Protein chains: 2
Amino acid sequence: MSGISGSTSTALLTDRYELTMAAAALADGTADRETVFEVFARRLPEGRRYGVVAGTGRLLDALENFRFSDAELERLAEVVNPTALDWLANYRFRGDIDGYPEGELYFPGSPILTVSGTFADAVLLETLVLSILNHDSAVASAAARMVTAAGGRPIIEMGSRRTHEESAVAAARAAYLAGFTATSNLEAGRRHGIPTAGTAAHAYVLLHDDELAAFRSQVAALGPKTTLLVDTYDIRKGIENAITAAGPELDSIRIDSGDLGVMAQQAREQLDALGATGTRIVLSGDLDEYAIASLRAEPVDSYGVGTSVVTGSGAPTASMVFKLVEVGGRPVAKRSTSKESRGGRKSALRRYKPTGTAVEEVVYPAAEQPPLGPHDRVLPVPLVRGGKRVPDLPTLEQSRERLRAALVSVPWEGLKLSRGEPAIPTTFEGS
Amino acid sequence: MSGISGSTSTALLTDRYELTMAAAALADGTADRETVFEVFARRLPEGRRYGVVAGTGRLLDALENFRFSDAELERLAEVVNPTALDWLANYRFRGDIDGYPEGELYFPGSPILTVSGTFADAVLLETLVLSILNHDSAVASAAARMVTAAGGRPIIEMGSRRTHEESAVAAARAAYLAGFTATSNLEAGRRHGIPTAGTAAHAYVLLHDDELAAFRSQVAALGPKTTLLVDTYDIRKGIENAITAAGPELDSIRIDSGDLGVMAQQAREQLDALGATGTRIVLSGDLDEYAIASLRAEPVDSYGVGTSVVTGSGAPTASMVFKLVEVGGRPVAKRSTSKESRGGRKSALRRYKPTGTAVEEVVYPAAEQPPLGPHDRVLPVPLVRGGKRVPDLPTLEQSRERLRAALVSVPWEGLKLSRGEPAIPTTFEGS
């Protein structure tokens with residue numbers, strides 16, 4: 001972790017070639033050419049119908065710490081020449097950044113982020129920009145599908161143990177952005193203000209002489225408004241012990257294994273018979289969006305989701321790229337056999353029906369905005385001007401609300417979990 | 001990043017329930033019970049034939065910073081009671097840790113890490129231990145297959161942009177452990193001493209007035225012992241420009257798109273015809289172990305691998321779990337319908353033929369070691385004693401060599417990329 005290295009700079013969280021390119025461009029005079037770089041995804045993960053932009057807030061934080069102090073410069077002496085080192089010592093990003101706001105939907109080719117500035121200023125940011133957006137958007141895109149599948153039932157993110165310890169914090173943030181209600185991760189609580197949750201694991205039951213003793217102890221420490229994990233031994237006996245220990249005012253039981261649908265039904269009947277009609281049922285254990293959807297008819301009150309959300313449910317990276325599209329006001333693009341790109345600075349708007357349903361994403365040359373219908377919206381917003389963060393950017397809570405509203409605007413077939421085409425088509429104008 | 005939060009403590013990189021369990025156990029007197037927790041994987045990712053233990057070194061570093069300072073305690077005031085806060089203020093892990101050394105192979109059920117100490121001491125480590133081992137082992141396990149597929153050709157890890165910015169640093173370390181030769185990630189160079197590599201992207205070519213100008217500039221800045229990326233426009237013309245700019249002493253060309261096998265053959269012929277017989281060919285662009293294997297017959301000198309290695313090539317987490325197996329010297333185990341575990345502290349040995357080929361993994365109750373044949377090896381080693389790291393633990397280079405040797409010991413069918421059973425069977429004794 002950065003913490004362990006003792007440095008708070010984010011400037012070495014990058015690829016060596018960003019530095020060698022900047023140094024070579026400084027040497028030949030091209031470093032000062034005005035450039036525009038664009039972040040986009042060529043495609044969505046296979047069969048996905050939309051992506052969710054996430055990480056923008058983290059990126060803007062990281063950008064403020066993207067400076068080369070003596071600790072970084074010392075390391076770079078073997079990478080670039082002294083002229084470049086001097087330039088890096090004074091580096092701070094001085095350009096502009098525009099982008100889709102966090103929590104916005106995106107589709108193939110959407111210009112998710114546009115970085116403009118001198119070549120040397122802008123190219124240095126490539127790796128950090130992509131690391132943050134690719135990770136966080138992958139998690140948020142998967143998480144949004146789970147939230148839809150849960151149909152209003154709360155979901156707790158509990159996947160920290162299945163991903164890198166720092167990814168875990170970012171994943172908790174992305175899942176919360178996407179509509180999860182809480183996280184197990186304490187650092188995500190501290191760093192991002194996300195509600196934290198969690199009471200006990202099987203180990204706590206095993207530690208005690210018997211299950212009833214464990215439950216009595218947990219209730220003594222945490223009160224009856226706790227969640228008792230009832231599947232260490234026999235679930236029926238576990239529920240009986242739970243109500244014996246906590247009384248019918250027990251907040252929740254959690255079941256983490258077995259045939260969860262069947263278990264939920266049996267548990268509900270048993271709890272009701274014991275008079276614990278208000279005790280809620282939390283299910284966890286290898287849940288993903290499909291498993292959550294299959295539990296829709298069961299008496300489940302909330303879900304705990306781990307591995308699948310922090311690993312993007314099969315798509316652990318959003319595959320966004322950072323491409324140079326303009327130099328000195330002139331469009332540029334790679335032209336070899338594959339991976340072709342569209343040159344020129346672009347913007348995008350989304351067209352909506354009067355009912356509020358989205359119908360089309362239009363990507364156009366930034367200087368040639370098509371007429372806006374009464375319900376249409378231009379998507380990118382200013383994020384950084386002259387190297388400084390634009391004031392009053394949305395909070396995490398506001399971004400969460402943005403996504404909630406955006407998902408309401410998706411045509412119904414775009415919310416299906418099954419594989420299919422993007423929820424709305426993208427039209428590229430002027431290309 | 002931790003860096004941004006200003007704290008170097010790793011103690012909140014954990015799940016809330018570890019803290020509530022410790023607090024409840026402190027309240028009822030069970031916190032001091034002597035416990036043994038075991039880390040293992042119930043299974044390998046589908047069709048994989050071995051796993052690679054990675055992350056142990058990072059874990060031991062993180063453990064040293066697993067302390068609760070005022071900054072952490074302030075946050076925890078809403079999670080646990082004052083008695084627990086006082087205890088946490090003085091917390092440091094005082095127990096023992098044994099484990100498979102980093103770079104060792106593992107199989108389903110292998111006791112990869114054993115944490116022993118009081119319940120409260122040990123349980124707090126669960127999430128951090130799993131985050132680190134699950135991430136790093138997933139990357140190393142995928143990377144080792146790529147190294148095998150490359151058959152001795154060097155591989156550069158360049159996947160930072162496809163994963164969380166801190167995962168990127170750990171992934172570079174895990175890939176290097178597995179036999180990759182370098183990384184694009186500068187922080188991995190600084191933090192772990194891994195060689196870094198990289199010269200220029202397509203943006204550098206696009207920045208210039210033409211490709212030849214870009215190449216001349218790069219050679220002027222970095223010398224002819226550089227790598228020129230030749231597929232921005234037409235590859236044949238790109239190679240011609242590369243040799244014009246650098247002369248036949250050019251170190252390498254890189255091709256990042258197109259039909260790489262065909263491109264490599266054509267490039268080799270063209271380079272040879274231009275007299276650049278020593279100029280090497282580097283291929284990159286969505287390579288994984290299967291693509292690398294399919295290029296074996298082509299004139300490739302080295303590979304650059306990104307997305308697939310940092311995302312574990314389809315298995316982004318190693319799915320290891322951390323289970324309580326002993327309390328006060330007595331075996332304990334979850335006994336519900338699924339996810340059963342074997343109780344009791346265990347150790348393991350690997351049996352080998354006189355030729356050095358591994359034949360069997362034997363997992364046994366720690367107190368009942370079976371007779372060791374002349375070529376057999378007990379696998380776990382002491383890592384931490386009384387909370388302190390054992391001196392003279394292997395360096396990253398030594399762990400890298402350990403894995404290299406371990407892979408030589410795998411039966412030939414265990415190195416196949418195709419899906420199959422674990423390379424050697426595991427026998428559980430005394431259970």
Side-chain angles (χ1 to χ4, degrees), chain A residues 1-5 8 12-17 20-21 24 27-28 30 61 75 119 127 130-131 134-135 160-162 164-168 170 184 186-187 190-191 196 198-204 206-207 217-218 221 231-233 257-258 311 316-317 324 327 332 334-339, chain B residues 1-5 8 12-17 20-21 24 27-28 30 61 75 119 127 130-131 134-135 160-162 164-168 170 184 186-187 190-191 196 198-204 206-207 217-218 221 231-233 257-258 311 316-317 324 327 332 334-339:
Chain A
M1 279 139 279
S2 315
I4 287 174
S5 75
T8 57
L12 291 194
L13 296 171
T14 194
D15 287 327
R16 180 178 171 120
Y17 80 5
T20 51
M21 282 193 281
D28 76 6
T30 55
D61 288 343
R75 179 71 204 178
F119 176 76
T127 308
L130 289 177
S131 288
N134 271 326
H135 174 268
S160 294
R161 65 193 53 199
R162 300 280 181 250
H164 181 281
E165 66 277 18
E166 279 288 334
S167 306
S184 63
L186 287 171
E187 181 65 18
R190 170 163 72 171
R191 210 179 295 175
T196 59
T199 56
H202 297 114
Y204 191 75
L206 295 173
L207 169 70
S217 156
Q218 186 179 327
D231 69 337
T232 304
Y233 305 116
S257 54
T311 59
T317 179
L324 181 61
V327 177
V332 296
K334 184 170 181 300
R335 287 198 311 269
S336 72
T337 47
S338 66
K339 293 189 184 173
Chain B
M1 278 139 283
S2 315
I4 287 175
S5 76
T8 57
L12 291 194
L13 297 171
T14 193
D15 287 327
R16 179 178 172 119
Y17 80 5
T20 51
M21 281 193 282
D28 78 4
T30 55
D61 288 344
R75 180 71 204 176
F119 175 77
T127 309
L130 289 178
S131 288
N134 271 327
H135 174 267
S160 294
R161 65 192 55 198
R162 301 278 181 251
H164 182 281
E165 66 276 18
E166 279 289 334
S167 307
S184 63
L186 287 171
E187 182 64 19
R190 170 163 74 171
R191 210 178 294 175
T196 59
T199 57
H202 297 115
Y204 191 75
L206 294 173
L207 169 70
S217 157
Q218 185 179 327
D231 69 338
T232 304
Y233 306 117
S257 55
T311 60
T317 178
L324 180 61
V327 177
V332 296
K334 184 170 181 302
R335 287 198 313 267
S336 72
T337 47
S338 65
K339 294 189 182 171

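In the text below, chain A, chain B and the rest are named by the order of the sequence lines, each starting its count at 1. Quick note: numbers below take in every heavy atom, side chains included, and nothing from hydrogens, waters or symmetry partners. Treat the numbers as computed from the prediction; the structure is a model and nothing was measured.
- Proximity of B:His202 to B:Asp231: side-chain heavy atoms (C-beta onward) are separated by under 4.5 Å at one or more points.
- The contact between A:Arg75 and chain B is made entirely by side chain atoms (from C-beta outward), counting heavy-atom distances below 4.5 Å.
- Annotation: maximal heavy-atom pairing with chain B below 4.5 Å, among A:Ser217, A:Ser167, A:Ala203, A:Pro316, occurs at A:Ser167.
- Annotation: maximal heavy-atom pairing with chain A below 4.5 Å, among B:Ala168, B:Ser160, B:Ala170, B:Ala221, occurs at B:Ser160.
- Rounding to the nearest 0.5 Å places CZ of B:Phe119 at 9.0 Å from CG of A:Leu206.
- Once rounded to the nearest 0.5 Å, the distance linking NE2 of A:His135 with CD of A:Glu166 reads 10.5 Å.
- B:Thr14 meets the side-chain contact (heavy atoms from CB on, under 4.5 Å) test with A:Leu186, B:Glu18, B:Leu19, B:Thr127; sequence neighbours excluded.
- A:Thr20 meets the side-chain hydrogen bond (donor to acceptor under 3.5 Å, both in side chains) test with no other residue; sequence neighbours excluded.
- Among B:Thr199, B:Val332, B:Asn134, B:Leu207, the residue with the largest count of heavy-atom pairs under 4.5 Å with chain A is B:Leu207.
- Interface remark: of the candidates A:Gly198, A:Ser131, A:Ala200, A:Ser131 forms the most heavy-atom pairs closer than 4.5 Å to chain B.
- Comparing A:Val327, A:Leu130, A:Asp15 by how many heavy-atom pairs each has under 4.5 Å with chain B, the most go to A:Asp15.
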